[in-house]
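Comments concern the structure below.
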Amino acid sequence: MNFIVAGAIEAVKELYGQEIAENVINIQETRKEFEGQVTIVVFPIVRFSKKSPEETANDIGAFLQQNVAEVEGFNVVKGFLNLSIAESYWIDLFNNTLLRPDFLAVKTRGEKVMVEYSSPNTNKPLHLGHVRNNLLGYSVSELLKADGYDVIKVNLVNDRGIHICKSMLAWQNWGNGETPESSGLKGDHLVGKYYVVFDKEYKKEIETLVAEGQTEDEAKKNAPLIKAAQQMLLQWEQGDAAVVGLWEKMNGWVYAGFDVTYKKLGVDFDKYYYESNTYLLGKDTVEEGLAKGVFFKKEDGSVWIDLTADGLDQKLVLRADGTSVYITQDLGTAQMKYDDFGMDKSIYVVGNEQDYHFKVLFLILEKLGKSWAKGLYHLSYGMVDLPSGKMKSREGTVVDADDLVNEMVETAKQKTEELGKTNDFSEVDKEDLYTTIGLGALKYFLLKVEPKKRLLFDPAESIDFQGNTGPFIQYTHARIKSLLSRANYQFAVADYNHIKLTPTELEMVMLLTKYPNEISEAAKAYSPAFIANYLYEVAKLFNKFYHETPPIIKEEDAALKLHRLNICKIAADVIKSGMGILGIKVPERM
RNA sequence: GCCUCCAUAGCUCAGCUGGAUAGAGCACCGGUUUUCUAAACCGUAGGUCACAGGUUCGAAUCCUGUUGGGGGUACCA
């Protein structure tokens, strides 16, 4: 639409003798109820024309009609100048963008971006909150790839700490040597089970102590179990063979379990970092900060940074006893990741409960003068809540990731069988299809919502398969594929001499042309939701087109038939590509 | 207390840097299949965009305040 902007600027210059900036020309698509395809909002121009909005619009409209070949006509409604663009312009657009083989090709930028996501604790299985994180992280990675970045997907596994000791201790005390093999439980679920056991027993101890007269806070500190867990953590840090051995064994179970879940969700990583290797990092950075005068030491030996001038607080970066806190590790880990990859940008996919932490982290790195600090970004997303409130692994009030996926696949199976369209599928193909559809529904459900918004999930209400859903878009793709194969479609550019686009076809062309732009907008905002909503529009419009167009296969006008099949083909390509960005597969049949 | 995010139809969500009468889906009601897949299409109904001010030719969108909700503000991670 650049030629319209240019034309309008020219018009203002010729008509009113004024040089105006590009952003004065405000262009939008014409609303359906009016004639035309492109609208200029003339209000901003009025102060240059010194005429009423209507007069200004008429002046500019007349100028454009006369001087810009593509502008065939115009009408003015209040301060809106609606332009009718020549049919041939749209046909050319169709041929020169959509039908080009490089329409969906990625243009590399030669910039590296790291996306860190998932980052689970190894003491419990993944739940719906983690699912949102994983899908977001994976999808944002795909989105950035589509926008031309080289992407490194990283998982920083939180494999050490008191929480793991809790599971280990409970297993030692009450596990009777239970293993994934002996119990038939998935490793992460087995370990998670003992995390819950710990919490239950711990609470019992607190109750007893409170009954004996201690305050709740005292009891929490004095309970034998928590002391034992702390002791275990200390032993782990000292390299106690028995503790480390148990830790390795139980972590191994968890990893095996996570692998299954990751595979099922379709997410993967280029690089794993383990906190057991990184938790001591960051002390060099603290030294560096002290030397540069960015940090200061208090009398007790603890190290701090004063961020009050930036509207934040004083923040501890190293304990008095010289041990690390969370942010110490993150400072060190950030440096290590940069040393490893030298990326231009680094995205942390982490929940919004850590907004403050990342604000501080990035600010500190900037103050330390790290050139790469400006490329850091916290992709903050809202928690997934249940109607009953927050999910808590300790208390077992979570929607388990594996259960949820299985339920979705089961639901997909039921719905598909009810429709009876897969009777001639092989068993393997059926299972495949149910998984594709079930996961499609789940992924789309989670990704269509703006990341930063919190999400309410009601397990009692199942995720839809109709309307603005993954399966609807998958269905649209399958429908097109079926049509193309029945038509024995072969790609070729149609002869457009006598073809006129219908209004819906015109809409399709305009919508499909927007796809590359949609990707870069979504990438800029790190928001797969843009893509999801865009694809829904494509699918919806396609179904309208499909419904109102007479059977294409029976069309006798060869050029018209080819033209319509081309629209179908591009719609299918865009859907497949976009769904790929969301990590959703699209079936050929369903 | 302070910081921060959120509030749009009964429910779940769109609404880009301010632009025309605020849009979808679900649910509800009604219609469409001797034509390429009805997981579809078409229609009816449903709104004081939390509230109150302000800026502007124009505000769901920007600013201020109020209310309600989430999160944070640990020598936890």
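We name chains A, B, ... by the order of the sequence lines, and we start the count at 1 in each one.
To the nearest whole angstrom, the two C1' atoms, one in B/rA22 and one in B/rG46, are 14 Å apart. Remark: the separation of the C1' atoms in B/rU35 and B/rU48 is 48 Å, to the nearest Å. A gap of 9 Å separates the P atoms of B/rG19 and B/rA60, to the nearest Å. As rounded to the nearest Å, B/rU4 and B/rA9 have P atoms that lie 27 Å from one another. Taking the C1' atom of each, B/rG69 and B/rU33 are spaced 48 Å apart, rounded to whole Å. Look at the P atom in both B/rA50 and B/rG10: the space between them is 13 Å, to the nearest Å. The separation of B/rG25 from B/rU8, taken at their C1' atoms, amounts to 15 Å, rounded to a whole angstrom. Straight-line distance between the C1' atoms of B/rC13 and B/rA7: roughly 13 Å, to the nearest whole Å.
At B/rC6, one or more side-chain N or O atoms of A/Lys452 fall inside 4.0 Å of OP1 or OP2 (strictly under the cut-off). OP1 or OP2 of B/rU37 has at least one side-chain nitrogen or oxygen of A/Ser482 nearer than 4.0 Å. Taking 4.0 angstrom as the limit, A/Lys421 places a side-chain polar atom (N or O) nearer than this to OP1 or OP2 of B/rA39. Note on A/Arg454: every side-chain N or O is 4.0 Å or more away from OP1 and OP2 of B/rA7. In this structure, A/Lys315 does not reach the B/rC3 phosphate: none of its side-chain N or O atoms is under 4.0 Å from OP1 or OP2. At the phosphate of B/rA7, OP1 or OP2 sits under 4.0 Å from a side-chain N or O atom of A/Lys453. Considering only side-chain N and O atoms, A/Lys32 lies nowhere under 4.0 angstrom from the phosphate OP1 or OP2 of B/rA20.
Relative to the side chain of A/Arg479, the nucleotides B/rC75, B/rU21, B/rA38 differ in distance, and B/rA38 lies closest. Checking B/rU12, B/rA39, B/rG19 against every side-chain atom of A/Leu456, the shortest atom distance belongs to B/rU12. Distance from the side chain of A/Trp304 is smallest to B/rC75 among B/rA14, B/rC75, B/rU37. Picking from B/rA20, B/rG15, B/rA77 the nucleotide with the shortest atom distance to the side chain of A/Phe530 gives B/rG15. Nearest to the side-chain atoms of A/Thr30 among the listed nucleotides B/rA39, B/rC57, B/rA20 stands B/rA20. Minimum atom distance to the side chain of A/Tyr475 is reached by B/rA39, of the listed B/rA14, B/rC36, B/rA39. The side chain of A/Arg31 approaches B/rG23 more closely than any other nucleotide in the set B/rA77, B/rA24, B/rG23. With B/rC41, B/rA20, B/rG25 as the choices, the nucleotide that has an atom nearest any side-chain atom of A/Lys544 turns out to be B/rC41. Side-chain atoms of A/Asn543 lie closest to B/rC41 of the nucleotides B/rG19, B/rC41, B/rA20.
Comparing A/Ser324 and A/Ala539, the nucleotide of RNA chain B nearest to each residue sits closer to the 5' end for A/Ala539. Annotation: of the two residues near RNA chain B, A/Lys359 and A/Ile437, the 5′-most nearest-nucleotide partner is A/Lys359.
At a threshold of 4.0 angstrom between heavy atoms, the contacts of A/Asn82 include nucleobase atoms, whether or not backbone atoms are also involved. Residue-level contact check: A/Arg486 touches the backbone only, with heavy atoms under 4.0 Å from sugar-phosphate atoms and none from bases. Base engagement by A/Val41 is indicated by at least one non-hydrogen atom pair under 4.0 Å involving a base atom. A/Gln28 comes within contact range of at least one nucleobase, with a heavy-atom separation under 4.0 Å. Residue contacts for A/Asn158: at a heavy-atom cut-off of 4.0 Å it reaches the sugar-phosphate backbone alone, with no base atom in range. Note on A/Thr416: a base of the nucleic acid sits closer than 4.0 angstrom, heavy atoms only. A/Gln466 comes within 4.0 angstrom of sugar-phosphate atoms only, judged by non-hydrogen atoms across all strands, and of no base. Looking at heavy-atom distances under 4.0 Å, A/Thr549 makes contact with a base. At the heavy-atom level, A/Leu455 lies under 4.0 Å from the strands shown only through sugar-phosphate atoms. Within 4.0 Å of A/Gln474, counting heavy atoms only, lies no atom of the nucleic acid at all. Within 4.0 Å (heavy atoms only), A/Met383 reaches no atom of the nucleic acid at all. Residue contacts shown for A/Thr469 are absent, as no nucleic acid heavy atom lies under 4.0 Å away. Using a 4.0 Å heavy-atom distance criterion, A/Ala478 is classed as a base contact. Residue contacts for A/Asn26: at a heavy-atom cut-off of 4.0 Å it reaches a base atom on one of the strands shown.
Summarising the local packing, NZ of A/Lys576 is surrounded by 12 or fewer heavy atoms from other residues, nucleotides or ligands at distances under 6.0 Å.
With no hydrogens or angles considered, no side-chain donor-acceptor pair links A/Glu521 and A/Tyr534 at under 3.5 Å. Defined by atom type and a distance below 3.5 Å, a donor-acceptor pair is missing between the side-chain atoms of A/Asp147 and A/Ser520. A side-chain N or O of A/Arg479 and one of A/Asn543 form a donor-acceptor pair less than 3.5 Å apart. Under the 3.5 Å distance criterion, with hydrogens and angles disregarded, a donor-acceptor pair is assigned to the side chains of A/Thr504 and A/Glu548.
Legend: ring-ring contact (aromatic ring centres under 6.0 Å, His included) pairs involving residues 551-571 of chain A, not counting sequence neighbours, sorted by first then second residue: A/Phe94-A/His563, A/Tyr496-A/His563.
The distance between atom CD1 of A/Ile473 and atom P of B/rC13, rounded to the nearest whole Å, is 17 Å. Straight-line distance from the CG atom of A/Asp385 to the P atom of B/rG71: 7 Å, rounded to whole Å.
Relative orientation of the A/Phe80 and A/Phe43 rings is perpendicular, given thresholds of 30° and 60° on the angle between their planes.
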Assess whether side-chain contact (heavy atoms from CB on, under 4.5 Å) is satisfied between A/Met383 and A/Asn352, documenting all intermediate values.
CA-CA 7 Å; A/Met383 298 287 103; A/Asn352 64 9; 4.2 Å; yes

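Residue ring and nucleobase are not stacked for A/Phe472 and B/rA39 under a centre distance beneath 5.5 angstrom and an angle between planes beneath 30°. Remark: ring of A/Tyr546 does not overlap the six-membered base ring of B/rA40 in a stacked fashion, as centroids less than 5.5 Å apart with planes less than 30° apart are not both met. A distance cut-off of 5.5 Å between ring centres, combined with a plane angle under 30°, leaves A/Phe465 outside any stacking arrangement with the base of B/rA39.
The cationic atom of A/Lys569 (NZ for Lys, CZ for Arg) does not lie both less than 6.0 Å from the six-membered ring centre of A/Tyr489 and within 45° of the ring axis.
RNA chain B forms stems at B:1-7 with B:67-73, B:10-13 with B:23-26, B:29-32 with B:40-43, B:50-54 with B:62-66, each a run of 3 or more consecutive Watson-Crick or G-U wobble pairs whose two key distances fall under 3.5 Å.
Paired with A/Lys315 under the rule side-chain contact (heavy atoms from CB on, under 4.5 Å), one option of A/Val325, A/Leu363, A/Val360 passes, and it is A/Val360. If you run side-chain hydrogen bond (donor to acceptor under 3.5 Å, both in side chains) between A/Arg589 and each of A/Asp429, A/Asp424, A/Thr422, only A/Asp424 comes through.
A/Tyr475 and A/Phe472 have their aromatic ring centers separated by at least 6.0 angstrom.
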